[in-house]
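Shown next, in structure tokens, is the structure this report addresses.
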Amino acid sequence: MFGKSVIISLIAAYLAFIGSTEGANLDCAQMQALAAQYFPAEYQTDMICIAQKESSWNPTATNPSSSATGLWQDLASHCGELCKCTGKADLMNPDVNAACAAAILKAQGLNAWTTWSSGLCNGWNTCMASSTTSSSSSSSSSSSSSSSGGSSSGSGSGSGSSSGSGSSSGSGSGSSGSGSGSGSVTEFEFISRQ
């Protein structure tokens, strides 16, 4: 028959396979990438926390007491209403669930999630969004700009609703110049693959 080490190796291989299939929890880096793609910078860390508290970052998590499904436990009733989905099966796709959560955030704010409104994300520092500030810890706003000899740049951020940066540059002589660039991100502009 099989030796003990062969059986242990088979079990280990099976568990590794199960862990790599659909339904496996996402890791911090995957959540950071997803949050960066779908949420404004000032909400990314908060949304990463909400997803961890709601689903333990399991894209196929379901609530047996409701239609809440996926990373952010979006309700299937939002499909067709706020979200581009048809039901629970769609909400198990991390991209669909994130886009739906972004629409819910835009329509209802962070308090749409009881994990947020009950304070479960206060002091969250387990998985922070890259180079962002969380709305739970940022309340200041600032802006800056500079120009010199035909080129200019500026950036700004506002608490709770928008942030972004932009720059423009051009060439010319003396104090005149021309160029093009992009400015601040407007409130709740979401990047979505839908």
Side-chain angles (χ1 to χ4, degrees), residues 11-138 160-163 185 188-194:
I11 290 171
Y14 174 74
L15 292 175
F17 172 76
I18 295 294
S20 67
T21 61
E22 185 178 342
N25 292 11
L26 301 184
D27 62 23
C28 178
Q30 291 169 310
M31 290 303 300
Q32 289 170 326
L34 202 57
Q37 184 176 354
Y38 290 97
F39 303 108
E42 68 271 16
Y43 291 105
Q44 290 173 15
T45 296
D46 299 325
M47 294 306 290
I48 290 169
C49 174
I50 289 169
Q52 199 284 326
K53 300 296 184 185
E54 292 286 342
S55 68
S56 298
W57 298 336
N58 179 351
T60 61
T62 58
N63 183 329
S65 303
S66 72
S67 66
T69 305
L71 293 167
W72 284 274
Q73 290 293 283
D74 300 334
L75 297 174
S77 61
H78 291 310
C79 291
E81 174 192 298
L82 288 173
C83 309
K84 294 179 181 177
C85 53
T86 59
K88 290 178 81 165
D90 286 348
L91 290 171
M92 290 183 186
N93 176 311
D95 287 307
V96 172
N97 197 272
C100 186
I104 294 167
L105 176 64
K106 181 178 179 181
Q108 300 175 16
L110 290 166
N111 286 327
W113 290 272
T114 57
T115 53
W116 174 263
S117 60
S118 65
L120 292 176
C121 288
N122 291 346
W124 170 265
N125 62 5
T126 302
C127 177
M128 309 293 284
S130 302
S131 304
T132 65
T133 53
S134 138
S135 65
S136 63
S137 63
S138 173
S161 63
S162 65
S163 71
V185 175
F188 290 115
E189 282 187 353
F190 296 103
I191 300 169
S192 174
R193 286 193 230 173
Q194 289 191 8

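Numbers here are sequence positions counted from 1. Since we're looking at a predicted model, the values are computed, not measured.
- The minimum heavy-atom distance between A101 and M47, with the atom names listed, is CB-CE, 4.1 Å.
- In this structure a side-chain-to-backbone donor-acceptor pair under 3.5 Å is missing from T62 to T69.
- Side chain of Q37 to main chain of L34: no donor-acceptor pair is present (N/O by atom type, distance under 3.5 Å, no hydrogens or angles).
- Panel note: side chain N97, backbone P59; no donor-acceptor pair is recorded below 3.5 Å.
- Here the CG-CH2 distance, from N122 to W116, works out to 6.5 Å after rounding to the nearest 0.5 Å.
- Counting heavy atoms from C-beta outward, C100 and L91 have side chains that approach closer than 4.5 Å.
- In this structure, CE on M92 lies 9.0 Å from CG on N58, to the nearest 0.5 angstrom.
- Contact annotation: the side chain of Q73 never approaches that of T115 to less than 4.5 Å [non-hydrogen atoms, C-beta and beyond].
- To the nearest 0.5 Å, the span separating OG on S56 from CG on L26 amounts to 11.5 Å.
- Although no hydrogens or angles enter the test, the distance criterion places a donor-acceptor pair under 3.5 Å between the side chain of Q32 and the main chain of M128.
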For Q52 and T126, run side-chain contact (heavy atoms from CB on, under 4.5 Å): C-alpha distance rounded to whole Å, both residues' side-chain angles, the deciding distance at 0.1 Å, then the answer. CA-CA 10 Å; Q52 199 284 326; T126 302; over 6 Å; no

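- Closest non-hydrogen pair, S55 versus A61, comes out as CB-CB, 3.8 Å.
- Less than 2.5 angstrom separates the SG atom of C79 from that of C85.
- A 4.5 Å side-chain heavy-atom check between W124 and D46 finds every atom pair outside the cut-off.
- Among all heavy-atom pairs drawn from K53 and C121, the shortest one is CG-SG, 4.3 Å.
- Side-chain rings of F39 and W72 approach one another, their centers coming within less than 6.0 Å.
- Taking both residues in full, the closest heavy atoms of A35 and Q44 are given as O-CG, 3.5 Å, listed atom of the first, atom of the second, then distance.
- Taking CD of Q30 as the reference point, atom CG of L71 lies at 10.0 Å (rounded to 0.5 Å).
- Of the possible donor and acceptor atoms, none in the side chain of S65 sits under 3.5 Å from a partner among the backbone N and O of N63.
- Inter-residue side-chain proximity for L75 and S66 is flagged as met; some heavy-atom pair is nearer than 4.5 Å.
- For the cysteine pair C28 and C127, the distance separating the two SG atoms is below 2.5 Å.
- Side-chain contact check for I50 versus L110: some heavy-atom pair is nearer than 4.5 Å.
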